[in-house]
Amino acid sequence: MPEIRKQPPGTMGLIDALKYRLPLAGVVSILHRGSGLILFLLLPFVIWLFDKSVTSEISYAEFTSTFTAGLGVLPGWFMKVVVLGLIWAYLHHFVAGIRYLVMDAFHTVSKDQGRNSAIATLVISLTLTLVLGYKLFMY
């Protein structure tokens, strides 16, 4: 009788992870990957925003009008939502990155510590996003 070989599971992609019910630490890990992807994909937009904001007074006026008048066919509120997404992506990626650095530095992470640090990561990043989002939309 021929031997039946099990197929190795392979790598899990970002889309594959959505099929599973992950613990909170796993959700933070997937969000860390997703926020990094968002930051990478929107890097040309971030560079354009930075260039518009520092080149001259005229380009700065164009930059600020993007959030009120819009950009081409995109309305101003949509540009604010995109920037809010960038703010969340940056803050989550930064806070989760610090979480991983601390976990790597001390090498003593229990299940409870992992869950508590995941909760702290989400609370800190979402709170800062709300504060900066308020400033973005109200001023």
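In this structure, Y100 and S29 have side chains that are in contact, with non-hydrogen atoms separated by less than 4.5 Å. Side-chain contact between H92 and L122 is present, with at least one heavy-atom pair separated by less than 4.5 Å. In this structure the side chain of Y90 never reaches within 4.5 angstrom of the side chain of L132, judged on heavy atoms. When side chains are defined from C-beta on, R115 counts as touching I119, because their heavy atoms get closer than 4.5 Å. Put simply, the side chain of V83 reaches to within 4.5 Å of the side chain of F45, judged on heavy atoms. Taking 4.5 Å as the limit, every side-chain heavy atom of L130 sits out of range of all side-chain heavy atoms of W88.
Counting heavy-atom neighbours within 6.0 Å of F94 CZ, excluding the residue itself, gives a total of 12 or less. Heavy-atom neighbours of F78 CZ from other residues, nucleotides or ligands within 6.0 Å: at or below the threshold of 12. Crowding of L101 atom CG: a count of heavy atoms from other residues, nucleotides or ligands under 6.0 Å exceeding 12.
When all heavy atoms are compared, the tightest approach of A96 to V28 is CB-CG1, 4.3 Å. Nearest approach of L84 to L136, heavy atoms of both residues: N-CD2, 4.0 Å. Residue H32 comes nearest to G97 through the heavy atom pair CE1-N, 3.7 Å, listed as atom of the first residue, atom of the second, then distance. In this structure, A25 and R99 approach most closely via the heavy-atom pair CB-NH2, 3.6 Å. Minimum heavy-atom separation, S59 to T55: OG-CB, 3.3 Å. The two residues T66 and E62 make their nearest non-hydrogen contact at OG1-O, 3.0 Å.
Remark: S53 OG to W48 CH2 distance equals 10.0 Å, nearest 0.5 Å. Distance CG/L42 to CG/L37: 9.0 Å, rounded to 0.5 Å. Expressed to the nearest 0.5 Å, how far NZ of K80 lies from OG1 of T68 amounts to 7.5 Å. Within the model, atoms CG of L43 and CD1 of I38 stand 13.5 Å from one another, a figure rounded to the nearest 0.5 Å.
The hydrophobic clustering, which links ILVMFWY residues whose side-chain heavy atoms are closer than 4.5 Å, places F50 and L39 apart. Both F67 and L74 are part of a single hydrophobic cluster, where members link through side-chain heavy atoms under 4.5 Å apart. Note on V109 and F106: same hydrophobic cluster, where clusters join Ile, Leu, Val, Met, Phe, Trp and Tyr whose side-chain heavy atoms are under 4.5 Å apart, directly or indirectly. Linking ILVMFWY residues whenever their side-chain heavy atoms come closer than 4.5 Å, directly or via other members, places L86 and W77 in the same cluster. In this structure, I87 is a member of the same hydrophobic cluster as V46, with clusters built from ILVMFWY side-chain heavy atoms closer than 4.5 Å.
Although no hydrogens or angles enter the test, the distance criterion places no donor-acceptor pair under 3.5 Å between the side chain of T127 and the main chain of I124.
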